[in-house]
Protein chains: 2
Amino acid sequence: MTTSEGIEKVLRDASMRVTRPRVAVLAAVTAHPHADTETIIEAVRQEHPTVSHQAVYDSLKLLTSLGLLRQIQPHGHIARYEARVGDNHHHVVCRSCGSLADVDCAVGAAPCLHASDHHGFTIDEAEVIYWGLCPNCQSTKTA
Amino acid sequence: MTTSEGIEKVLRDASMRVTRPRVAVLAAVTAHPHADTETIIEAVRQEHPTVSHQAVYDSLKLLTSLGLLRQIQPHGHIARYEARVGDNHHHVVCRSCGSLADVDCAVGAAPCLHASDHHGFTIDEAEVIYWGLCPNCQSTKTA
DNA sequence: TTATTTATTTTGAATGAGTCAAGATATGCT
DNA sequence: AGCATATCTTGACTCATTCAAAATAAATAA
């Protein structure tokens with residue numbers, strides 16, 4: 001899915017050009033799950049030192065809109081990205097250090113997706129963020 | 001709960017001073033649910049023209065940490081606040097116009113709060129944001 | 001393969017929500 | 001009323017992200 005051929009097909013199907021920055025960004029996010037933009041820029045530049053930050057921003061936005069990436073941005077934190085997509089998993093964020101971990105869905109396939117009263121909204125996604133303390137910060141706080 | 005006496009008690013219990021900006025901010029948020037900071041600043045200044053933006057930022061942060069307010073900040077949007085607190089309700093955000101509505105909990109009291117695998121995190125809150133289209137934008141899109 | 005078209009990228013400046021810091025002010029206590 | 005200091009005002013500053021114009025390179029056709 002996230003292989004080199006995979007992205008080419010998705011991009012071409014969307015009438016988008018297959019460019020070095022785009023492929024590199026997808027690879028970088030795949031290699032660094034939950035990385036922020038700065039980290040992704042650095043990772044991309046390991047292989048392609050001339051790629052601009054703007055190209056990374058553009059690629060992240062494009063790949064996200066095409067469904068190849070997912071953006072995570074908890075309150076008070078900058079945006080992070082992950083390549084794990086389409087399996088309806090959620091995230092835990094540590095209130096203390098900001099570290100982030102994946103959490104599989106609690107109840108079956110798409111829990112929480114059926115709100116009791118939509119106010120007429122059509123809902124296509126339920127995003128869940130759990131807040132708490134990571135193991136590290138728990139011990140630090142109590143120590 | 002959100003009355004003038006209510007906030008005084010909460011502030012005093014927390015050893016915080018009862019100041020004009022704090023009371024005004026709580027009143028403004030109560031009167032303008034889901035308002036962003038800019039809107040709250042304007043609302044506060046209707047009554048108290050000399051209150052600084054910094055005081056509003058500080059008050060919002062304090063009142064939020066005391067549990068009198070709740071901050072909502074969907075991806076790509078600036079922070080908004082609401083005074084409805086402690087009833088575990090969630091929000092729908094329109095992908096098109098960014099409008100926001102309350103949604104009561106889908107399944108009983110605290111759904112989704114029990115993630116299957118915490119990775120050792122202690123979870124104290126499950127935040128749910130539904131994404132979709134508001135009634136207005138639905139008709140605009142299809143029209 | 002080379003020329004052509006134009007989507008993307010580079011570069012560098014700009015935006016703007018939010019934060020920082022120092023001095024002025026007002027709250028709560030005695 | 002007067003004191004101590006929490007809070008506010010003012011104004012500069014941060015920094016993730018966006019904007020814009022010129023340069024570049026991907027895709028198509030000759």
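Note on naming: letters A, B, ... go to the chains in the order of the sequence lines (proteins, then strands), and numbering restarts at 1 for each one.
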Minimum heavy-atom distance A/Ile129-A/Pro74, with the two atoms named: CD1-CA, 4.2 Å
Taking atom types as modelled and ignoring hydrogens, do the side chains of A/His75 and B/Gln73 form a donor-acceptor contact shorter than 3.5 angstrom? no
Could you check how far CD1 of A/Ile41 sits from P of C/dT9, rounded to whole Å? 13 Å
Starting at the 5' end of DNA chain C, which residue's closest nucleotide do you reach first, B/Met16 or B/Glu38? B/Glu38
Rounding to a whole Å, what distance do you find between B/Asp13:CG and C/dG28:P? 13 Å
Would you classify B/Ser52 as touching base, sugar-phosphate or nothing, given that sugar-phosphate means primed atoms plus P, OP1 and OP2, and contacts are heavy atoms under 4.0 Å? base
When A/Ile41 is tested against each of A/Val25, A/Val51, A/Val56 for side-chain contact (heavy atoms from CB on, under 4.5 Å), which residue passes? A/Val56
Drop me the distance from A/Arg22's CZ to A/Leu66's CG, to the nearest 0.5 angstrom. 8.5 Å
Just to be sure I understand the geometry, which residues of residues 53-62 of chain A put a non-hydrogen atom under 4.0 Å away from DNA chain D? A/His53, A/Gln54, A/Tyr57, A/Lys61
For the pair made of NE2 in A/His48 and C1' in C/dT10, what is the distance, rounded to whole Å? 16 Å
Using a 4.0 Å cut-off to any heavy atom of chain B, which nucleotides of DNA chain D are the first and last in contact, reading 5' to 3'? D/dT5 to D/dG11
What is the distance, to the nearest angstrom, from the CD atom on B/Gln71 to the P atom on C/dG18? 8 Å
Just verifying a value: how many Å separate A/Gln71 CD and A/Ser65 OG, rounded to the nearest 0.5 Å? 11.5 Å
Rounded to the nearest Å, what distance is computed from the CZ atom of residue A/Arg17 to the C1' atom of nucleotide C/dA7? 4 Å
Salt bridge B/Glu125-A/Arg95, side-chain N to carboxylate O under 4.0 Å: yes
Establish, from distance only, whether the side-chain atoms of A/His89 and A/Glu82 form a donor-acceptor pair under 3.5 Å. yes
So how far is it from B/Cys94 SG to B/Leu100 CG, rounded to the nearest 0.5 Å? 10.0 Å
Does B/Arg45 have more than 12 heavy atoms from other residues, nucleotides or ligands lying within 6.0 Å of its CZ? yes
What is the distance, rounded to the nearest whole Å, between atom CG of A/Leu63 and atom C1' of C/dT9? 15 Å
Taking OP1 and OP2 of C/dT8, is either one under 4.0 Å from a side-chain nitrogen or oxygen of A/Arg22? yes
Whole angstrom value for the distance that separates P of C/dG28 from CD of B/Glu8: 8 Å
